[in-house]
Number of protein chains: 2
Amino acid sequence: MDDEQLRLNNQVCFPIYSVSRLLTKAYKPYLDDMGITYPQYLVLMVLWENDGQTVNQISEKLLLNTNTVSPLLKRMEKANILERNRSSTDERIVIVNLTEKGWELKKKALVIPEKLLDILLARNVQLSEVLDLKDMLNEWIQILSDDNLNKSNTK
Amino acid sequence: MDDEQLRLNNQVCFPIYSVSRLLTKAYKPYLDDMGITYPQYLVLMVLWENDGQTVNQISEKLLLNTNTVSPLLKRMEKANILERNRSSTDERIVIVNLTEKGWELKKKALVIPEKLLDILLARNVQLSEVLDLKDMLNEWIQILSDDNLNKSNTK
DNA sequence: TGCGTTTATATCGTGTACGATACAAATATA
DNA sequence: TATATTTGTATCGTACACGATATAAACGCA
């Protein structure tokens, strides 16, 4: 019976969508302390690893469009977390650099991954399970971003 | 080195967040045909399974706040997909019923889960892997929604 | 060298999400 | 039964996401 497939319980996408939102919510108390949001936290992780990247480089690493990242960076600039400067050699490019405050936040962030993991481990989720999940999802990212690429190519 | 934990590649949450967005994007062509969005598709699945539910019942099943679902339903009412009516016995309650058009959309939706699965299976993802993932995520939903509950209780 | 094309970023419009808050109806209880 | 409390829904403000579009700078090439 095809009908079965349309039940919420039988879909994979709904749990992913829900867990994504619930995880963001679980992060919230820690991020509130830092005065940032979850997407802003992602931007910081990219810059902590490698400061001075362009808007394009940041949006590619986060798999987000530049028209999502642009205003996001502007809000972070307003909050004194980073600076945006046009390249002198290529006026189209905007280079993003962390401020003192942006680097300071890294110290506060160090405990976050640990805390989140603790919640799961405390509820008998195995660490190996978490790692398997990560690998599986990274595989899906490859597939799904390839798939999106194909669509825009054939247009 | 604690630093390692803060790398984008070492986080579980980022892949979940990304896959969630990429899956929604993969759904998009089919949902565009139906004139709805992904969250609206979720509402429809809830109502196809059980028509005539209240705003609260719908938002609980989708794990969304009512202040997210309320405007969502209004947009769907505007698009003639459903009707909202106050209960006569309890004036606070709004009961949501599908229209003819809302039921019609179910026929178009039947192929969607299959198509999505095909993309994954075509790329050598095992069906068992998909089912494992689903179970794992449903477990996480339990944990994370409990955790959120605890926070609001202790406040 | 002039001009069409590409590239990098940003703006606009629409639709979520969600915390905080509002508000009326229903319920509980003194 | 009058009033405090709870319940169900909605409004408001802020921050994403993303498709469509704009725009200026850089590039390619006749």
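Model, not experiment: these values are computed from the prediction. Order of the sequence lines sets the chain letters (A, B, ...), proteins ahead of strands, with each chain counted from 1.
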Legend entry - Spacing of A/L73 atom CG relative to C/dT11 atom P, expressed in whole Å: 12 Å
Inset, instruction - Ignoring backbone atoms, test whether B/N56 places a side-chain nitrogen or oxygen under 4.0 Å from the OP1 or OP2 oxygen of D/dT9. - result: yes
Inset, instruction - Check every strand shown and say whether A/T24 touches a base, only sugar-phosphate, or nothing at a heavy-atom separation below 4.0 Å. - result: nothing
Legend entry - Closest to side chain of B/L72, choosing from D/dT9, C/dT16, C/dT9: C/dT16
Legend entry - Contact residues, residues 59-69 of chain A to DNA chain D [heavy atom, < 4.0 Å]: A/L64, A/N65, A/N67, A/T68
Inset, instruction - Taking the side chain as every heavy atom from C-beta outward, state whether A/M136 and B/L133 have any atom pair closer than 4.5 Å. - result: yes
Legend entry - Closest non-hydrogen atom pair, B/L47 against B/G52: CD2-N, 4.3 Å
Inset, instruction - Going 5' to 3' through nucleotides 22-28 of chain D, assign each nucleotide B (protein heavy atom under 4.0 Å from a base atom), S (under 4.0 Å only from sugar-phosphate atoms) or - (no protein heavy atom that close). - result: ---BS--
Legend entry - Separation of D/dG8 C1' from B/I58 CD1 (nearest whole Å): 13 Å
Legend entry - A/K28 or A/S70, whichever maps to the more 5' nucleotide of DNA chain C: A/S70
Inset, instruction - Return the value, rounded to whole Å, for the distance between atom CZ of B/R75 and atom P of D/dT9. - result: 17 Å
Inset, instruction - Check whether any side-chain nitrogen or oxygen of A/K74 sits under 4.0 Å from OP1 or OP2 of C/dT11, and answer yes or no. - result: yes
Legend entry - Whole angstrom value for the distance that separates C1' of C/dA8 from CG of A/N85: 16 Å
Inset, instruction - To the nearest Å, give me how far apart CG (B/D32) and P (D/dG19) are. - result: 9 Å
Legend entry - Option from B/K101, B/K108, B/K107 for which salt bridge (charged side-chain N to carboxylate O under 4.0 Å, His left out) with B/E104 holds: B/K107
Inset, instruction - Return yes if a side-chain donor-acceptor contact under 3.5 Å exists between B/K134 and A/Q11, otherwise no. - result: no
Legend entry - Length of the line joining B/Q53:CD and D/dT9:C1', which is rounded to integer Å: 16 Å
Inset, instruction - Indicate the ring-plane relationship of A/Y41 and A/Y27, choosing parallel, tilted or perpendicular according to the 30° and 60° boundaries. - result: tilted
Legend entry - For atom CD1 of A/I36 and atom C1' of D/dC16, their distance in whole Å: 14 Å
Inset, instruction - Answer yes or no: does a side-chain N or O of B/Y17 lie under 4.0 Å from OP1 or OP2 of D/dA17? - result: yes
Inset, instruction - Would you indicate, yes or no, if C/dT16 has its OP1 or OP2 atom less than 4.0 angstrom from a side-chain nitrogen or oxygen of B/Q40? - result: yes
Inset, instruction - Please say which of A/M76, A/M34, A/E100 ends up in a side-chain contact (heavy atoms from CB on, under 4.5 Å) with A/I81. - result: A/M76
Legend entry - Check: A/R86 side chain, A/V94 main-chain N or O, donor-acceptor pair, under 3.5 Å: no
Inset, instruction - Name all residues meeting the salt bridge (Lys or Arg N to Asp or Glu O under 4.0 Å) criterion together with B/K28; count only those two or more places apart in sequence or in a different chain, and write none if there are none. - result: B/D32
Inset, instruction - Decide if atom CZ of B/R84 counts as having more than 12 heavy atoms of other residues, nucleotides or ligands within a radius under 6.0 Å. - result: yes
Inset, instruction - Please check the phosphate of D/dA10 (OP1 and OP2 only) for any side-chain N or O of B/R84 closer than 4.0 Å. - result: yes
Inset, instruction - Using a 4.0 Å heavy-atom cut-off across all strands, classify A/R21 as base, sugar-phosphate, or nothing. - result: sugar-phosphate
Inset, instruction - Provide, to the nearest angstrom, the distance between the CG atom belonging to B/L23 and the P atom belonging to D/dA17. - result: 15 Å
Inset, instruction - Give a yes or no answer on whether the side chain of A/T68 reaches the backbone of A/L64 with a donor-acceptor pair at less than 3.5 Å. - result: no
